[in-house]
Amino acid sequence: MPPPVTGAAVDTHAHVFRQGLALADTRRHTPDYDAPLADYLSLLDTHGLSHGVLVQPSFLGTDNSYMVQALRAAPGRLRGVAVVAPDVSESGLRILAEAGVVGIRLNLIGLDLPALDAPVWQVLLSRVNALGWHVEIHLQAARLHGVMPALLAAGCRVVVDHFGRPDPALGVSDPGFQYLLRQADSGRVWVKLSAPYRNWAAPACAASGRLAAQQLVDAYTTERLMWGSDWPHTEHRHLASFPAATQWLDAWIDDPAQRQVLLADTPLRLFQFQGDTP
């Protein structure tokens, strides 16, 4: 992947963890390997990426301590997206912010949609906005309409994971994906071009991802699109690798100026890297 003109490039979606950490009761997956920070930083170096964003994996629940430890080990180079309970205290959020967390994640795959209009959620979303954070959502495209209106009504900036998770059988024809395209008009939604293998079978990753990326670029422009490696590709390590993730981006976005915006300008602003050097 060619580095942007500015010399900066951001991987906006990766996870770090090790075996033996306390796991969430509601987890869908239990990894049998480690994904240490040192390995991730080495991959960033190898691929010419100046910064990275660590996302709390769903199987660790709301215990963000391992991610926070990693953020503190490379404060200028990393930012984090945490998973928190809706009744988390303001002081708890500020501790996360001091470590480099800039958003919260709602991973709703396999879970009921939260009642975002309930007082406890409204208080949390207000605190998230006050901190200048965003809300990252991960769920199937068909369910996006169940959470996005409430988040936008609360004044949140919303980041949508993995192309919005269109139905593999429908692709860009998925009504949920078309709904996502229409949300570009809000001016407060960003989408990650990441983990195509979570949407399409491996041989179709590049071609299907390119079609979806083209429609997202037309709707959002690269000002509100970002790339993520999804390292270490949990549950899909047999289908993906960090080099493959960079090659897919080259297949999706072949214009250097667009890659410059998508890899550097947009994520550096959204994840609040301004003023930091790796």
Side-chain angles (χ1 to χ4, degrees), residues 1-4 7-24 27-83 96 99-103 105 107 136 138 159 161-162 192-198 202 205 209 226-250 259 262-264 267-268 270-273 276-278:
M1 177 172 57
V10 184
D11 172 11
T12 69
H13 200 102
H15 311 285
V16 293
F17 51 83
R18 63 172 174 78
Q19 297 179 81
L21 296 174
L23 300 173
R27 66 187 181 277
R28 305 184 313 278
H29 174 63
T30 301
D32 59 357
Y33 57 93
D34 298 335
L37 176 63
D39 287 3
Y40 179 58
L41 294 179
S42 177
L43 286 166
L44 293 182
D45 291 340
T46 298
H47 293 276
L49 294 154
S50 58
H51 299 81
V53 178
L54 301 180
V55 178
Q56 172 76 346
S58 60
F59 50 79
L60 295 183
T62 59
D63 182 357
N64 298 281
S65 56
Y66 190 80
M67 182 185 70
V68 164
Q69 180 182 357
L71 294 175
R72 288 174 173 160
R77 192 170 195 185
L78 300 176
R79 291 289 183 265
V81 179
V83 174
L96 292 173
V101 169
V102 293
R105 190 189 199 203
N107 188 335
E136 181 172 316
H138 181 209
V159 174
D161 276 348
H162 308 327
K192 290 185 182 181
L193 307 183
S194 57
Y197 40 82
R198 300 189 188 276
C205 282
M226 301 172 291
W227 170 82
S229 70
D230 195 38
W231 186 83
H233 325 289
T234 55
E235 300 182 79
H236 295 83
R237 298 172 75 210
H238 59 298
L239 299 175
S241 66
F242 206 104
T246 65
Q247 291 161 14
W248 285 325
L249 176 62
D250 288 343
R259 275 204 304 269
L262 183 149
L263 280 170
L268 287 172
L270 182 67
F271 293 100
Q272 304 177 30
F273 281 114
D276 282 340
T277 54

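Because only heavy atoms are used, hydrogens play no part in the values below, and waters and symmetry mates are left out as well, while side chains stay in.
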Can you classify the ring geometry of H51 versus F273 as parallel (below 30°), tilted (30 to 60°) or perpendicular (above 60°)? tilted

What I want to find out is whether K192 reaches D230 closely enough, with some N-O distance under 4.0 Å, to be called a salt bridge. no

Could you pull out the closest heavy-atom pair between Y66 and P36, with the gap in Å? OH-CA, 4.2 Å

Applying side-chain contact (heavy atoms from CB on, under 4.5 Å) between V10 and each of L263, L44, L268, L49, report the one that passes. L268

Point-to-point distance, once rounded to the nearest 0.5 Å, from CE of M226 to CG of L249: 13.0 Å

Atom CG of L60 and atom CZ of R18: how far apart are they, to the nearest 0.5 Å? 10.0 Å

If we only count heavy atoms from C-beta on, is the H47 to P243 side-chain gap below 4.5 Å? yes

Distance in Å, N64 CG paired with L54 CG, rounded so as to fall on 0.5 Å steps: 11.0 Å

Are S194 and H13 close enough that a side-chain donor and a side-chain acceptor fall under 3.5 Å? no

Distance-minimising heavy-atom pair for H15 and P232: O-CD, 3.6 Å

Note, L96 side chain near V68 side chain (heavy atom, < 4.5 Å): yes

Determine, stepwise, if the pair T12 / W227 fulfils side chain to side chain contact (heavy atoms under 4.5 Å, CB included). CA-CA 6 Å; T12 69; W227 170 82; 5.7 Å; no

Between atom CH2 of W248 and atom OH of Y197, what is the distance when rounded to the nearest 0.5 Å? 6.0 Å

Parallel, tilted or perpendicular: which describes the rings of Y40 and W231, with under 30° parallel and over 60° perpendicular? parallel

State, yes or no, whether a side-chain contact exists between L43 and D11 at a heavy-atom distance under 4.5 Å. no

Taking every heavy atom of A8 against every heavy atom of S50, the minimum-distance pair comes out as CA-OG, 3.3 Å

Where do V16 and A70 come nearest, in terms of heavy atoms and distance? CG2-CB, 4.0 Å

List the atom of A74, the atom of L41, and the distance in Å for their closest heavy-atom pair. CB-CD1, 4.5 Å

Should D161 and R105 count as an ion pair when the cut-off is N to O under 4.0 Å? yes

What are the two closest non-hydrogen atoms of M67 and V55, and how far apart are they? SD-C, 4.1 Å

With side chains defined as the heavy atoms from C-beta onward, is the minimum distance between V101 and V81 less than 4.5 Å? no

